[in-house]
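Please read the structure below before turning to the comments.
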Amino acid sequence: MNKLISENINSILNNRGISQTDLSSKSGVSRQTINLILSPSRDSNPKLSSLIDIASALNTDFPQLFTRNIDIEISFDSAMDLKSYMNVLIQNIKLNLSATKQKFLSSYPGISEATISELLNYKRSDIHISTILYISEQLNIPIDQLLKRGA
């Protein structure tokens, strides 16, 4: 998944003639973090907030960063911020999660039952992409769909 995100961001940068330094300046995300995210040979685990800031700086629809056929003509929804995306994510998880699946989600190494509980009870303000990816895989819902309203 990180490779797909990296490919999509690199494609947008190339298409729009934006450098990593410019992206860092526009997004407020450090140049080192951007370099890690965009490096195909490294496995990064950025927080949701960093990727939202990058999508906003690129004026690109955020959930599309997680799709194979990105449409760079779809603009960033300026009404959406980290809190909004977290709310959408949590609502979509809750819609697709039964009590037995919640216990199963917390059995994954690195994702504790407390983490899942805190997330579902709005006690997490940001989350790592690897956690969202794992939840997406376990619920069998594409990650971009977990991040869209009404999905």
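What's counted below: heavy atoms across the whole structure, side chains too, no hydrogens, waters or symmetry copies. Keep in mind that what you see is a predicted model, and the values were worked out from it rather than measured.
Cluster membership check: Tyr122 shares its hydrophobic cluster with Met80, using side-chain heavy-atom separations under 4.5 Å among Ile, Leu, Val, Met, Phe, Trp and Tyr. A chain of hydrophobic side-chain contacts below 4.5 Å, direct or via other Ile, Leu, Val, Met, Phe, Trp or Tyr residues, connects Ile34 to Ile72. Residues Leu13 and Leu36 do not share a hydrophobic cluster, defined by chaining ILVMFWY side chains whose heavy atoms lie under 4.5 Å apart.
Within the model, atoms CG of Leu146 and CD1 of Ile135 stand 8.0 Å from one another, a figure rounded to the nearest 0.5 Å. Here CD1 of Ile9 is found 12.0 Å from CG of Asn14. Values are rounded to the nearest 0.5 Å. Atoms CG and CD1, from Asn121 and Ile90 in turn, are 8.5 Å apart once rounded to the nearest 0.5 Å. For the atom pair CD of Gln64 and CZ of Phe76, the computed distance is 12.5 Å after rounding to the nearest 0.5 Å. Atom CG of residue Asp71 and atom CG of residue Asn69 lie 9.5 Å apart, to the nearest 0.5 angstrom. Going from atom CG of Leu139 over to atom CG of Asn96 covers 6.0 Å, rounded to the nearest 0.5 Å.
For Met86 against Arg124, the heavy-atom pair with the smallest separation is CE-O, 3.3 Å. Minimum interatomic distance between Asp144 and Pro63 (heavy atoms only, all atoms of both residues): CB-O, 3.2 Å. Shown here for Val29 and Ser24, the closest heavy-atom pair between the two residues is O-OG, 2.7 Å. Val88 and Arg149 make their closest contact through CG2-CG, 3.5 Å (heavy atoms, listed as atom of the first residue, atom of the second, distance).
Asn10 places a side-chain N or O within donor-acceptor distance of the main-chain N or O of Ser6, the cut-off being under 3.5 Å.
Surrounding NZ of Lys47 are more than 12 heavy atoms belonging to other residues, nucleotides or ligands, all under 6.0 Å away. Atom CG of Asn140 has 12 or fewer neighbouring heavy atoms from other residues, nucleotides or ligands inside a 6.0 Å radius.
Leu65 places a side-chain heavy atom less than 4.5 Å from the side chain of Ile12. Side-chain contact between Asn8 and Phe66 is absent, with no heavy-atom pair separated by less than 4.5 Å. Asn92 is not listed as a side-chain neighbour of Leu147, based on a closest heavy-atom distance of 4.5 Å or more. Within the 4.5 Å cutoff, side-chain heavy atoms of Arg16 are placed close to those of Thr60. In this structure the side chain of Thr115 never reaches within 4.5 angstrom of the side chain of Ile127, judged on heavy atoms.
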Audit row: Asp81, Ser84, side chain to side chain donor-acceptor pair (under 3.5 Å) steps and yes/no: CA-CA 5 Å; Asp81 58 9; Ser84 301; 2.8 Å; yes
Intermediate values then yes/no, side-chain contact (heavy atoms from CB on, under 4.5 Å), Asp61 and Ile70: CA-CA 9 Å; Asp61 181 54; Ile70 189 168; over 6 Å; no
Ile5 and Ser44: CA distance, side-chain angles, deciding distance, side-chain contact (heavy atoms from CB on, under 4.5 Å) verdict: CA-CA 10 Å; Ile5 295 167; Ser44 67; over 6 Å; no
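For Asp22 and Lys26, the salt-bridge test fails: no basic side-chain N is under 4.0 Å from an acidic carboxylate O.
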Only distances under 3.5 Å count here; give the side-chain donor-acceptor pairs of residues 48-56 to other protein atoms, sequence neighbours excluded, each with its distance to 0.1 Å.
from: Ser49; atom 1: OG; to: Asp126; atom 2: OD2; distance (Å): 2.4

